[in-house]
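Following: one structure in structure tokens, then a few remarks.
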Amino acid sequence: MKPPQPPNKSSNLAAAGSMSGKDKGKWRKRILRWFSWLLIFNFIVLIIILLVYAILQPKKPRFILQDATIFNLTVSAATPNIISTTIQVTINSRNPNDNIGIYYDKMDVYATYHHQQITYFTAIPPVYQGHKDVNIWSPFVYGENVPVAPFNGLALSQDQTNGVIQVVFKIDSRVKWKVGSFVSGRYHLHVSCPAYVPLGNNQNTGIWIGNAVKYQLSQSCSVSI
């Protein structure tokens with residue numbers, strides 16, 4: 001009788017190798033299948049988003065700077081690059097959408113002169129603006145002894161002498177859109193309201209309110225999201 005033959009290691013290794021190759025093939029097919037389903041799902045989501053956008057036609061909110069009441073807008077006599085400002089503005093905001101509400105979060109209002117900020121940030125409390133709703137805010141923006149570029153201090157003094165000054169009031173906010181029960185993620189909202197203020201002490205340019213002068217402006221603001 002022949003003695004028993006030892007197991008053929010090379011054949012066992014080949015079988016093991018062929019099995020692992022089959023397993024790898026199965027995993028490749030599964031990965032490709034999952035990837036295909038993921039592409040189909042993303043495509044469906046994109047189509048839904050485009051359809052919702054086309055149906056709802058979302059519009060940016062509209063802002064109008066109604067008036068500005070100047071309590072103080074002076075350049076330091078000792079240092080021409082130091083400005084002190086106290087101004088109350090009335091801002092009208094309207095949601096033009098029929099089916100979309102707007103959540104305003106973290107709203108900051110401030111003033112700039114020649115592209116340089118001259119007041120601190122003034123916060124407006126968060127608010128929800130429904131369909132076609134109108135909100136009116138009247139925040140104070142102020143800055144005490146704010147340093148500016150020397151040429152801006154000289155320019156402000158010259159504008160006061162000439163009787164007209166351009167100040168830009170800005171709003172930085174984060175908004176969320178509400179459609180039914182769905183609320184979107186946050187988007188940055190930037191509002192810029194240029195104000196051409198005809199400085200003067202007579203009734204033709206402003207209305208005296210105590211020690212301040214109120215100017216009716218009704219100027220549209222630019223909005224970007």
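Computed from a predicted model, the values in this text were never measured in an experiment.
Ser76 places no side-chain N or O within 3.5 Å of a backbone atom of Ile82 that could act as its donor or acceptor partner. The backbone N or O of Val134 lies less than 3.5 Å from no partner atom in the side chain of Asn95, so there is not a single donor-acceptor pair. Not one N or O on the side chain of Gln160 forms a donor-acceptor pair closer than 3.5 Å with the backbone of Ile165. Panel note: side chain Asp159, backbone Leu156; no donor-acceptor pair is recorded below 3.5 Å. Looking at Asp67, its side chain never comes within 3.5 Å of a backbone N or O of Leu217 through a donor-acceptor pair. Not a single donor-acceptor pair under 3.5 Å links the side chain of Thr122 to the backbone N or O of Pro139. Between the side chain of Lys59 and the main chain of Pro96, no donor-acceptor pair closer than 3.5 Å is present.
Hydrophobic clustering (ILVMFWY, side-chain heavy atoms < 4.5 Å, transitive): Val223 and Met107 are in one cluster. Under the 4.5 Å side-chain heavy-atom criterion for grouping Ile, Leu, Val, Met, Phe, Trp and Tyr, Val183 is connected to Tyr128 within one hydrophobic cluster. Leu189 and Tyr187 fall within a single hydrophobic cluster, where Ile, Leu, Val, Met, Phe, Trp and Tyr are joined by side-chain heavy atoms under 4.5 Å apart, directly or via other members.
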List the steps and the verdict of side chain to side chain donor-acceptor pair (under 3.5 Å) for Gln66 and Asn92. CA-CA 7 Å; Gln66 293 186 177; Asn92 178 305; 3.2 Å; yes
Evaluate the criterion side chain to side chain donor-acceptor pair (under 3.5 Å) for residue pair Asn72 and Ser84; output intermediate values, then yes/no. CA-CA 7 Å; Asn72 182 31; Ser84 294; 4.7 Å; no
Could you go through Gln129 and Ser93, starting from their C-alpha distance and side-chain angles, then the distance that decides it, and tell me whether this counts as side chain to side chain donor-acceptor pair (under 3.5 Å)? CA-CA 9 Å; Gln129 191 174 56; Ser93 171; 3.3 Å; yes
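Between the side chains of Asn81 and Thr79, no donor N or O sits under 3.5 Å from an acceptor N or O. Using modelled atom types and a 3.5 Å distance limit, the side chains of Asp172 and His190 yield a donor-acceptor pair.
Heavy-atom minimum distance, Tyr113 versus Asn152: CE2-O, 3.4 Å. In terms of heavy-atom proximity, Ser138 sits nearest to Gln88 at O-NE2, 3.3 Å.
His131 has its side chain out of reach of Asp133: every pair of non-hydrogen atoms, C-beta onward, lies at least 4.5 Å apart. Side chains of Arg186 and Val175 form no contact here, defined as non-hydrogen atoms less than 4.5 Å apart. At least one side-chain heavy atom of Ile102 sits less than 4.5 Å from a side-chain heavy atom of Pro61. Within the 4.5 Å cutoff, no side-chain heavy atoms of Val146 are placed close to those of Thr119. Residues Val141 and Thr85 fail the side-chain proximity criterion, which asks for heavy atoms closer than 4.5 Å.
Under the 6.0 Å distance and 45° angle rule, Lys176 counts as a cation-pi partner of Tyr103.
Salt bridge Lys132/Asp98: present, at least one basic N to carboxylate O contact under 4.0 Å.
Relative orientation of the Phe71 and Phe140 rings is tilted, given thresholds of 30° and 60° on the angle between their planes. Between Phe63 and Tyr104, the two ring planes are perpendicular [angle over 60°; tilted spans 30° to 60°].
Of the residues Tyr120, Phe121, Tyr142, the one that meets the ring-ring contact (aromatic ring centres under 6.0 Å, His included) test with Tyr110 is Phe121.
How far CD of Gln219 is from CD1 of Ile91: 12.0 Å, rounded to the nearest 0.5 Å.
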